[in-house]
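Just below is one structure, and these are the notes that go with it.
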Amino acid sequence: MLSMRNEVERRMQRVNQAYRLLSQDMDMTRRLAQSRQTGDKKSEQDSLKTDKEGKEHFELSLNVSPFSPDELTVKNAGRRLIVTGKHDQKRDTENGSYFHEYREWKREVELPEDVNPEEVLCSLSEDGQLIIQAPRLALPAAKERPIAITMNRAPVNGEGIPPEPQNSSVSGDPENGLNAS
């Protein structure tokens with residue numbers, strides 16, 4: 001009888017431990033879902049900012065709080081900026097069971113035409129905001145200049161009068177006003 005009681009207590013401890021792990025996982029899943037819903041609009045903002053010298057620059061803010069800095073990568077492929085986060089955690093629990101947690105996140109952004117992809121910089125704030133910045137290219141001011149206006153002439157027949165428009169049809173249906181030419 002005592003051994004059965006010990007077995008039931010041991011199983012209850014495993015159930016409680018599994019419940020705690022699932023609760024933590026559910027909490028993380030909920031936070032990631034909220035981050036996707038609100039973060040996509042609120043924290044993934046690409047905007048035009050002005051720096052200390054008054055120059056405009058491109059800035060993008062991404063919420064990457066579920067990931068540590070070593071789990072993040074930022075790279076560019078041409079004008080496309082690719083940000084990924086991968087979290088892979090494996091551990092043994094006290095009772096000999098195994099716990100594996102894996103998360104992956106990816107965002108791709110096309111850089112504006114007036115941003116040099118070679119000058120992109122990024123930094124990570126303590127609250128998990130990845131800030132991506134790049135200076136905007138300074139285009140020279142366009143000088144004022146007159147632009148010539150050309151006249152298009154309609155083709156004329158031999159008498160200097162524009163030709164009459166002609167309709168043609170394969171069916172030659174006279175009811176629709178179409179004649180074969």
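These figures come from a predicted structure and were not determined experimentally.
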**OP:** Kindly check if the number of other-residue, nucleotide or ligand heavy atoms within 6.0 Å of CZ (R79) is above 12?
**Re:** yes

Subject >> Pairwise side-chain contact, T84 with R107, heavy-atom cut-off 4.5 Å (strictly under) >> reply: no

Original post:
With no hydrogens and no angle check, is any side-chain donor or acceptor of E119 less than 3.5 Å from a backbone partner on N116?
Top reply: no

Original post:
Which atom names give the shortest non-hydrogen contact between F58 and R136, and what distance separates them?
Top reply: N-CG, 3.8 Å

**OP:** Look at E110 together with R80 and state whether they make a salt bridge at an N to O cut-off of under 4.0 Å.
**Re:** yes

Original post:
Any donor and acceptor pair, going by atom type alone, linking the side chain of N76 with main-chain N or O of L81 inside 3.5 Å?
Top reply: no

Subject >> From S65 atom OG to L130 atom CG, the distance as rounded to the nearest 0.5 Å >> reply: 11.5 Å

**OP:** Verify, without hydrogens or angle tests, whether R103 (side chain) and P66 (backbone) share a donor-acceptor contact under 3.5 angstrom.
**Re:** yes

Subject >> Carboxylate-amine/guanidinium proximity below 4.0 Å for K106 and E108 >> reply: yes

Original post:
In terms of heavy-atom contacts, does CD of E94 have more than 12 from other residues, nucleotides or ligands at under 6.0 Å?
Top reply: no

**OP:** Work out which heavy atom in L72 is nearest to a heavy atom in G85; give both atom names and the distance.
**Re:** CD2-CA, 3.9 Å

**OP:** Please lay out, stage by stage, how E59 and Q133 fare under the test side-chain contact (heavy atoms from CB on, under 4.5 Å).
**Re:** CA-CA 4 Å; E59 185 172 294; Q133 297 178 323; 2.7 Å; yes

